[in-house]
Amino acid sequence: MFGDFQSLKPNPDEHRIQPIGASQLARSATSGKTDPMQGLGQIFPKFAAPSGDDWDQFVKEIGPMVFPERHAAEKLTKNDLSDLRHLATVIHHNLAGLVTSDGSIRDAAAMLRIRYGIEVLSPAAFKILGELDSGIGAITASTRVTLDLEELASGQEQGVRALLTDLGVSVSGQSSHWAADDGRNRACHRYIVLEGPRVIGYLMWPSSFRGSTCDAFIAIDESSACAKDAARLMIVHLTGRAKEQVQRVRLNLAPQQASVREIALEIGFTGTDKTQELNKVSLNGVLVPENWAALRAELLKVSEIGLPKAMPTFRDADQYFELQRPDGQRTQLTTFALETLLSPALICMAGRPGVLVPIQRDYSEHLLDHLDQMQLLPHGKALLYQQRHYLSAPRTLKVFQRGSLMLFYESNKGKGLKAVVAIARVINAYLSSEGAVERADLERSALEPSDLVAIGKSETKAVVVFDNLMKLPHPVPLESLRRFGCGQATQLLTSRPLTPDQIRNILLEGLQHERSAERPDLS
C-alpha cells in the first residue's frame, strides 16, 4: 500500500487501472461476498505501474538498493518483483511515499529518500498508543535515518535493560531509579528512541511531580551515529511536556553521556554539585506588564529566583536585571542571559523592537510546530533545535537586530491560518551566499537546497538565527493586524519592523490579556 501524502489528483483516464495490490486482494476474496478491503481500495486514486523499458530500467536502478544479494545473483522472487513494482510506481508517478511492511525496502529508506525524494514508512508509524501526545513522535536525523520516539511497551524492557547495562547502570539501579521493568509503568512516563529495531535511547520521569519539580532519567547509546539527535529528541519531548508555566527539571544522566550533556547545556541546563545531574528552570511564557507580577511570584516560589518588582523599560538586549539568587544574594544578569537561563521565556518590555516575518504553511509547520493536529510523516529536524534559522531576502538583514522579537505571520498559501501564530527572539543575523549555505543551516530552517530559489533571485540570503520560540495561545488574525495598522497586503510580503504599539496589541490579543478602560487600544 502506498500513500499520496500531497493529495495528487489522478489522470481522468486512470479509472481503468487497477490499484496496486488489487490483484492480490482479488485472489484472496471469497466469491459471492463483498470484500471491504476491495471496496476501500476503489476510493483511492489509481496509478499505472511502469512497463516495458521503464520497468526494466527501474529494476536495474532500485533492485541493487533493495535486494542487493538476490539481484546480483539474478534470483529475485515473485514477491521481490512485486515489491519492486510497488516502489517503481511510487517513483514513476512522483508520489510522496510508500507504506510497507517489507523490511528490505525499509532498510533502503535513507538511500531512496536521498536518490528519489520519497518517504518509506512502516504501518507502525501510524499507530496511536494511549492518549494523544502532542510531542514529537519521529524525526529525520542527520544521517537521514528516521528516529522514532515511542512509549515503552510491554516486551521492550529487555532492550532498555541492555542499554542501561552497557552504560554501567547497576541491576538494582535499573529497577529502583530507572523503572526499567514493567512493575512501575503506571507511576512513570517511559519512552524509548528506536533506530530501526534497536533501542538507542531511554527517558523516564514520574507521573506526579514533587511540587513543580520533575526528576527525569535519560540514557543514550553514545556509539550510535544518531546519539546527539536522539538526545535532542528526548530532551525536547521532556521539556515540551511541561504543564506548569514555571517548572524545574532535574536531569539524571547515565554514565558516559557526553552527547546528552552537550545538548542539554546548549538549551539552558546547568550543572549541579552532583556529577551525573543537570538542572534547569523553565519559564514557559511570554512576560508582559499584565502578567509580570503573577509570573514573578511563581518563579520565586519554584526556584527562589527573584525578579524586579516592576518590569523595566527596554533599553537594549544587554541591559542588566538585578536578581535575587536562591542563596539570598543579589546579582545582575543581562536580559539576553536571563532569557536563556529561563528559556523559552520572552521578556517583552515596553519599547522592545520587533519584526513581522511572513512564512508559508509548508515551512511553518516544520519550523514552528504550531499546529495542534497530529502529523503523519516524520518531523523535520529543525524542531529539535533550540536555535533555528529563518532565511530571507538579503535586503531584510537590517531589520533583524540582536534581541529583537520575531512575530511569525502564517500566510494563507497552502491553507495557512492568515494569522500571527508564534513569537521568538533574534540571536544573530548575517548574509550568506547560496552556495555557502551549509546543510546544518538548512536542517535548522526546515528548508531543502531546492527551496532557496523561492527566497528571491539573489544568490545571497539573510540567515536569521532565533530561539525561545513560543506559539501564541490565540493566533492573531489578519483582521486584527489590519486594525493595528500592519495587515495590508504590501506589508505582509516581506519582513518589516513593527511599532511598539503594534507589538503590544498583537501580544495582548495573542495572549488574551484584557485591556482596561485606562489602557485604550493604541493602534
Side-chain angles (χ1 to χ4, degrees), residues 212-214 235-236 238-251 264-270 278-326 331-354 368-370 385-388 402-408 420-427 465-474 503-504 506-508 510-513:
S212 294
T213 298
C214 171
I235 294 174
V236 166
L238 172 65
T239 55
R241 293 295 298 269
K243 293 184 172 64
E244 306 291 336
Q245 280 197 297
V246 181
Q247 181 174 303
R248 181 194 294 274
V249 176
R250 279 196 292 260
L251 197 59
L265 294 176
E266 183 182 296
I267 64 173
F269 279 82
T270 58
L278 298 174
N279 179 75
K280 176 167 175 52
V281 175
S282 294
L283 201 164
N284 299 287
V286 179
L287 287 88
V288 292
E290 286 71 18
N291 64 9
W292 178 265
L295 289 179
R296 175 183 179 274
E298 184 66 18
L299 180 64
L300 185 63
K301 173 184 174 183
V302 173
S303 67
E304 298 181 321
I305 297 174
L307 297 175
K309 289 186 177 180
M311 176 182 276
T313 299
F314 182 85
R315 296 193 306 274
D316 60 70
D318 293 313
Q319 72 188 74
Y320 280 92
F321 273 74
E322 184 174 278
L323 306 176
Q324 175 185 305
R325 300 191 318 197
T331 188
Q332 289 194 332
L333 214 58
T334 66
T335 303
F336 218 83
L338 181 59
E339 286 182 329
T340 300
L341 179 70
L342 300 178
S343 64
L346 288 170
I347 305 173
C348 297
M349 296 170 280
R352 185 169 184 174
L368 309 180
D369 192 30
H370 62 295
Y385 290 98
Q386 173 78 351
Q387 295 185 7
R388 303 177 194 175
R402 181 175 178 271
S404 295
L405 300 172
M406 290 179 72
L407 292 92
F408 292 90
V420 176
V421 298
I423 181 173
R425 172 183 73 165
V426 176
I427 297 178
V465 184
F466 67 92
D467 69 354
N468 287 26
L469 178 72
M470 298 286 293
K471 70 177 183 179
L472 293 178
H474 306 277
I503 295 172
R504 174 176 169 77
I506 291 172
L507 291 179
L508 288 175
L511 301 173
Q512 292 290 292
H513 289 291

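Just so you know, these numbers use all the heavy atoms, side chains as well, and skip hydrogens, waters and symmetry mates.
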Determine the minimum heavy-atom distance between Phe408 and Leu368, stating which atoms define it. CB-CD1, 3.8 Å
CD1 (Ile347) and CG (Leu338) are apart, to the nearest 0.5 Å, by 4.0 Å
dist Phe269:CZ -> Arg250:CZ (nearest 0.5 Å) comes out at 12.0 Å
Taking the side chain as every heavy atom from C-beta outward, state whether Pro473 and Gln512 have any atom pair closer than 4.5 Å. no
Hey, are the side chains of Leu299 and Val281 touching, using non-hydrogen atoms and a 4.5 Å cut-off? yes
Hey, what do you get for OG (Ser303) to CG (Asn279), rounding to the nearest 0.5 Å? 9.5 Å
Taking all non-hydrogen atoms of both residues, which atom of Leu278 and which atom of Ala264 are closest, and how far apart? CD1-CB, 3.6 Å
Heavy atoms of Thr270 and Leu341 approach each other most closely as CG2-CD1, 4.5 Å
Given side chains that start at C-beta, do those of Gln245 and Asn291 come closer than 4.5 Å, heavy atoms only? no
Roughly how far, to the nearest 0.5 Å, is the CG atom of Leu300 from the CG atom of Leu295? 12.5 Å
Rounded to the nearest 0.5 angstrom, the CD1-CG distance for Ile423 and Asn468 is 10.5 Å
Looking at Pro344 and Asn284, what are the two nearest heavy atoms and their distance? CD-OD1, 3.5 Å
Return the minimal non-hydrogen interatomic distance between Arg248 and Val302, and the atom names on each side. NH2-O, 3.6 Å
Note: Ile267 and Lys280 closest approach over all heavy atoms is O-CE, 3.6 Å
Heavy-atom distance under 4.5 Å between the side chains of Arg352 and Ile503, does that happen here? no
Establish, from distance only, whether the side-chain atoms of Ser343 and Arg425 form a donor-acceptor pair under 3.5 Å. no
From Trp292 atom CH2 to Leu307 atom CG, the distance as rounded to the nearest 0.5 Å: 4.5 Å
Partner of Asp467 by side chain to side chain contact (heavy atoms under 4.5 Å, CB included), out of Arg388, Glu339, Gln386: Gln386
Would a 4.5 Å heavy-atom cut-off, applied to side chains only, mark Leu238 and Leu251 as touching? yes
Taking the side chain as every heavy atom from C-beta outward, state whether Leu407 and Leu405 have any pair of such atoms under 4.5 Å apart. yes
Among pairs that include at least one residue of residues 292-319, which meet salt bridge (Lys or Arg N to Asp or Glu O under 4.0 Å), considering only residues two or more places apart or in two chains? Asp318-Arg402
Would you say the side chain of Thr313 lies within less than 4.5 Å of the side chain of Met349, judging by non-hydrogen atoms? no
